[in-house]
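The first residue of the sequence shown is numbered 1, and numbering continues consecutively from there. Because the structure is predicted, anything quoted here is derived from the model rather than measured.
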Amino acid sequence: MSIRRMEQSETYEILDLWMRSLTHGNSFIENNFWQKHYDIAKETYLNEKDNFVYTDDTGKIVGFISVDSANSIRGIFVDPNYENRGIGTALMNFVKDSYTLLHMNVYMKNRRTLEFAGYHGFLIDGAIRDPINGEIQYTMIWT
């Protein structure tokens, strides 16, 4: 298992993982929301971002993390079939070793991710309403 920079040829594999991870972890969002916003996801998570993938022993991508130029984690995603194996923690530790300051937004209703972020030392420093789906997101910071 290893973590490395995403290759451009892996875009569709990453977007498939993104879709499966989000629909699994954010059941409070309407069913078709992520499908309707697929193009926004491509822009938000892939273009002009530092994307790092976690691969299993066969080379299959089972997780990824995306960090933008403002040091904001745009997302951390793990294949639902590989949850609770330390993949999210490995990805988070990888970027914490690479950056001195990180931000991230987490949906208020996503208790599991809030606990994960808190475990990794992120603190809530505000809240915003997602302009697309209306859900409240906590803004979080780590230094």
**OP:** For salt bridge (charged side-chain N to carboxylate O under 4.0 Å, His left out), just list the numbers for E10 and R5, CA-CA rounded to whole Å, side-chain angles, deciding distance to a tenth of an Å, and then say yes or no.
**Re:** CA-CA 11 Å; E10 297 169 323; R5 189 172 292 277; over 6 Å; no

Original post:
Between F64 and F52, does the ring centroid distance fall short of 6.0 Å?
Top reply: no

Original post:
Y99 and D50: side-chain donor and acceptor closer than 3.5 Å?
Top reply: yes

**OP:** Measure from the side-chain N and O atoms of T11 to the backbone N and O of Q8, and report whether any donor-acceptor pair falls under 3.5 Å.
**Re:** yes

Subject >> Spatial distance of atom OG1 (T89) from atom CG (N84) [nearest 0.5 Å] >> reply: 9.5 Å

Original post:
Can you find a heavy atom in the side chain of I73 that is under 4.5 Å from one in the side chain of V95?
Top reply: yes

**OP:** Measure the spacing between CD1 of I61 and CG of L17 and express it to the nearest 0.5 Å.
**Re:** 8.0 Å

Original post:
Are side-chain heavy atoms of H120 and M104 found at a separation under 4.5 Å?
Top reply: no

**OP:** State plainly whether the residues E83 and R112 are in salt-bridge range, i.e. N to O under 4.0 Å.
**Re:** yes

**OP:** Side-chain contact test, heavy atoms from C-beta onward, threshold under 4.5 Å: evaluate it for D79 versus K60 and give yes or no.
**Re:** yes

Original post:
Are D125 and Y138 close enough that a side-chain donor and a side-chain acceptor fall under 3.5 Å?
Top reply: no

**OP:** State the CG-OG distance between L91 and S66, to the nearest 0.5 angstrom.
**Re:** 11.5 Å

Original post:
Between E135 and R129, does a salt bridge (charged side-chain N to carboxylate O under 4.0 Å, His left out) hold up when you go through it step by step?
Top reply: CA-CA 6 Å; E135 292 290 336; R129 183 173 301 278; over 6 Å; no

Original post:
Does the side chain of L101 reach to within under 4.5 Å of the side chain of W142, using non-hydrogen atoms?
Top reply: no

